[in-house]
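Start at 1 and go down the list; that is how both ligands and their atoms are numbered.
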Amino acid sequence: MTAPNVPTRYVSTRGGAPAVSFSDILLEGLAPDGGLYMPSTYPHLSPETLESWRGLSYAELATAVLGLFIDDIPHEDIAALCASAYTSDAFGSAVIVPFTDLGDGIVIEHLSNGPTLAFKDMAMQLLGALFEYELDRRGTTLNILGATSGDTGSAAEYAMRGREGITVFMLSPAGRMSDFQQAQMFSLLDPNIHNLSVDGVFDDCQDIVKAVSGDLDFKRRMRIGTVNSINWARLLAQVVYYVHGWLALTERPGQFVSFTVPSGNFGNICAGHVARMMGLPIHRLVTATNENDVLDEFFRTGTYRVRGSSETYETSSPSMDISKASNFERFIFDVVQRDGARVRELFETELGSRNGFSLAPDERRRVRTFGFASGRSGHGDRLTTIRETWERFGVLIDTHTADGMFVARDHLEEGVPMIVLETAQPVKFADVVEQATGTRPEPPAAVADLQGLPRRTVPMPADAEIIKGYITQRASVG
Ligand SMILES: *Cc1c(COP(=O)(O)O)cnc(C)c1O
């Protein structure tokens with residue numbers, strides 16, 4: 001708990017980096033010691049504070065939550081940035097995050113009304129505004145380099161398009177994204193957005209990003225950065241919708257709700273963990289995985305086992321097809337009572353030598369005190385869940401949300417509303433949804449129009465040197 005007026009500092013999960021302020025880590029990924037940044041203490045959300053937040057707009061609530069974690073951006077600037085990020089223009093209605101109560105104990109929290117129809121917009125839209133603000137304050141520029149197989153890249157591009165001081169170079173495997181994803185990304189004609197279609201597969205794109213970022217001199221000269229899922233500000237932006245969900249589903253202080261979260265890299269549900277640590281009355285945080293069940297296995301057994309590529313499956317909820325969970329170290333940091341040496345032992349020594357670790361018995365006991373539960377679902381479960389949700393409630397859900405819905409049903413408890421986080425709109429996975437229900441989800445008007453728009457993409461060989469040359473000519477380094 002933080003005493004009033006103690007400024008928030010950020011520390012590395014591996015204990016080997018100096019404590020720094022929010023603005024110093026805003027544009028960063030990993031801490032210099034290879035760890036992830038976490039607030040040195042969690043600000044405390046008192047019942048009185050929570051009650052005083054009822055009735056705030058989403059942008060106002062975001063301002064209030066962010067204000068507890070940021071002491072080096074003036075409050076009125078935070079308010080302006082949140083107001084510019086969470087608009088009815090970007091999210092289709094002034095509500096920003098609506099709910100659907102299924103009436104059987106489950107409530108869907110709709111996080112995918114942003115420009116790319118997936119929950120990543122919730123964080124990315126704010127991140128774009130924060131990045132532009134901070135770069136301007138520092139009088140510098142940033143060139144974002146990324147690889148995408150579809151979803152993360154488009155969320156980043158829609159967040160950064162047209163922003164001062166930011167240029168985006170996004171590599172994608174040529175011809176391997178869905179037509180919907182291509183229409184979404186390639187129709188962006190903003191001069192600061194460069195879609196590079198690489199002659200190769202997604203892994204080739206990722207290898208090129210690693211090669212380019214690994215050239216430290218090039219990286220520094222060209223001011224190369226990323227927007228990956230370990231960025232702290234992204235996680236912080238996600239804390240807001242847990243508070244929003246609690247406020248919407250409760251009437252009195254101290255009432256509990258539970259959340260089920262379709263999970264991959266553990267970023268989304270880690271934000272729920274942060275909210276719970278702040279004192280938000282969350283009973284259960286249920287981690288739902290698909291066949292790639294690294295996280296479910298951990299919560300069942302206390303063993304974290306990274307998968308090889310032959311054990312990483314392509315599923316119909318592809319955004320959860322992960323072999324390891326890049327934000328998981330943040331949770332373990334709390335489990336080991338913030339002992340950086342122990343985190344290093346687990347994530348450097350043990351992960352490095354045998355691709356996994358098992359917690360000690362006292363650590364396993366401690367895991368149970370954080371409210372987590374878990375479950376997994378498979379392709380058949382997704383189809384059945386999508387069909388049943390449509391037939392019983394008239395609600396279409398996408399394949400990822402279906403993983404959440406399926407697992408949530410095993411964790412319902414009398415008197416505790418279960419909020420299932422919707423992470424994408426069904427239209428993004430229209431084929432599977434149609435297969436399950438016989439109904440093809442309709443794209444929102446703004447997205448339907450994309451199909452006819454001109455597209456711009458630059459074909460590239462899978463060659464890091466040629467791509468460096470392209471970046472050199474177009475990067476903003478002013
Ligand atoms: C990214 C993503 C997820 C997984 O979220 P994590 O923060 O990586 O756990 C789930 N569903 C969809 C649709 C996503 O795009």
Side-chain angles (χ1 to χ4, degrees), residues 36 108-125 127 146-159 177-178 180-181 184-185 227-242 259-275 285-296 298-299 312 315-331 372 374-377 382 385-386 396-408 420-430 432-433 441:
L36 305 183
I108 303 175
E109 182 167 1
H110 298 279
L111 300 176
S112 52
N113 289 328
T116 71
L117 312 184
F119 91 99
K120 294 199 171 63
D121 291 327
M122 295 301 305
M124 286 288 197
Q125 288 289 310
L127 204 67
T148 188
S149 52
D151 283 349
T152 315
S154 55
E157 292 188 352
Y158 276 79
M177 292 194 297
S178 71
F180 183 91
Q181 288 169 327
Q184 219 171 29
M185 283 178 59
V227 284
N228 47 29
S229 77
I230 56 163
N231 179 285
W232 165 256
R234 255 180 91 169
L235 205 120
L236 175 56
Q238 295 172 344
V239 173
V240 178
Y241 53 70
Y242 285 89
F259 289 89
T260 299
V261 186
S263 294
N265 275 317
F266 206 74
N268 196 351
I269 200 162
C270 192
H273 167 69
V274 171
L285 286 165
V286 184
T287 311
T289 73
N290 62 19
E291 293 89 330
N292 296 290
D293 58 355
V294 187
L295 292 167
D296 178 45
F298 169 79
F299 284 110
T312 306
T315 74
S316 49
S317 45
S319 299
M320 294 157 61
D321 293 349
I322 51 102
S323 54
K324 62 179 192 316
S326 50
N327 277 289
F328 188 57
E329 185 172 331
R330 291 193 150 111
F331 172 60
F372 278 87
S374 74
R376 58 165 268 168
S377 84
R382 282 190 280 284
T385 304
I386 293 170
L396 282 181
I397 56 174
D398 90 292
T399 50
H400 306 77
T401 309
D403 287 326
M405 187 74 75
F406 176 77
V407 171
V420 174
L421 297 185
E422 176 209 65
T423 56
Q425 287 203 25
V427 67
K428 292 197 90 166
F429 302 92
V432 183
V433 173

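- In this structure a side-chain-to-backbone donor-acceptor pair under 3.5 Å is present from Arg330 to Ile230.
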Go through it in stages, so that I can follow the logic: the residues are Val261 and Phe119, the test is side-chain contact (heavy atoms from CB on, under 4.5 Å), and I'd like the CA-CA distance, side-chain angles, deciding distance and then a yes or no.
CA-CA 11 Å; Val261 186; Phe119 91 99; over 6 Å; no

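- Those atoms of ligand 1 that come under 4.0 Å of a heavy atom in Gly267, given as number and element, are 6 (P), 7 (O), 9 (O).
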When you look at Arg382 and Asp403, which way does the side-chain contact (heavy atoms from CB on, under 4.5 Å) test go after all the steps?
CA-CA 6 Å; Arg382 282 190 280 284; Asp403 287 326; 2.8 Å; yes

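- Residue-ligand proximity: Ser229 is placed with every non-hydrogen atom at 4.0 Å or more from ligand 1.
- Going from atom CG of Asn268 over to atom CE of Met122 covers 10.5 Å, rounded to the nearest 0.5 Å.
- Using a 4.0 Å cut-off between charged side-chain N and carboxylate O, Arg376 and Asp296 make no salt bridge.
- The closest side-chain donor-acceptor pair between Asn327 and Asn265, if any, does not fall under 3.5 angstrom.
- In terms of protein heavy-atom proximity, atom 11 (N) of ligand 1 is closest to Thr423 OG1, 2.9 Å.
- In this structure, atom 6 (P) of ligand 1 lies nearest to the protein heavy atom Asn265 N, 3.6 Å.
- With a 4.0 Å heavy-atom cut-off, ligand 1 is reached by the side chain of Phe119 but not by its N, CA, C or O.
- In the vicinity of Met320, heavy-atom distances shorter than 4.0 Å reach the ligand 1 atoms 10 (C).
- In this structure, Phe331 and Phe372 have tilted ring planes: the angle between them lies in the 30° to 60° band.
- For atom 7 (O) of ligand 1, the closest heavy atom belonging to the protein is Asn268 N, 2.9 Å.
- Against a heavy-atom cut-off of under 4.0 Å, Ser263 is close to the following atoms of ligand 1: 9 (O).
- For Lys120, every heavy-atom contact with ligand 1 shorter than 4.0 Å involves the side chain, none the backbone.
- Looking at heavy atoms from C-beta onward, Phe429 lies in side-chain contact with Pro318 at the 4.5 angstrom threshold.
- Considering both main-chain and side-chain atoms, Ala424 never comes within under 3.5 Å of ligand 1 through any nitrogen or oxygen pair.
- Ligand 1 lies less than 4.0 angstrom from a heavy atom belonging to Pro262.
- Looking only at protein heavy atoms, the nearest one to atom 4 (C) of ligand 1 is Gly264 N, 3.6 Å.
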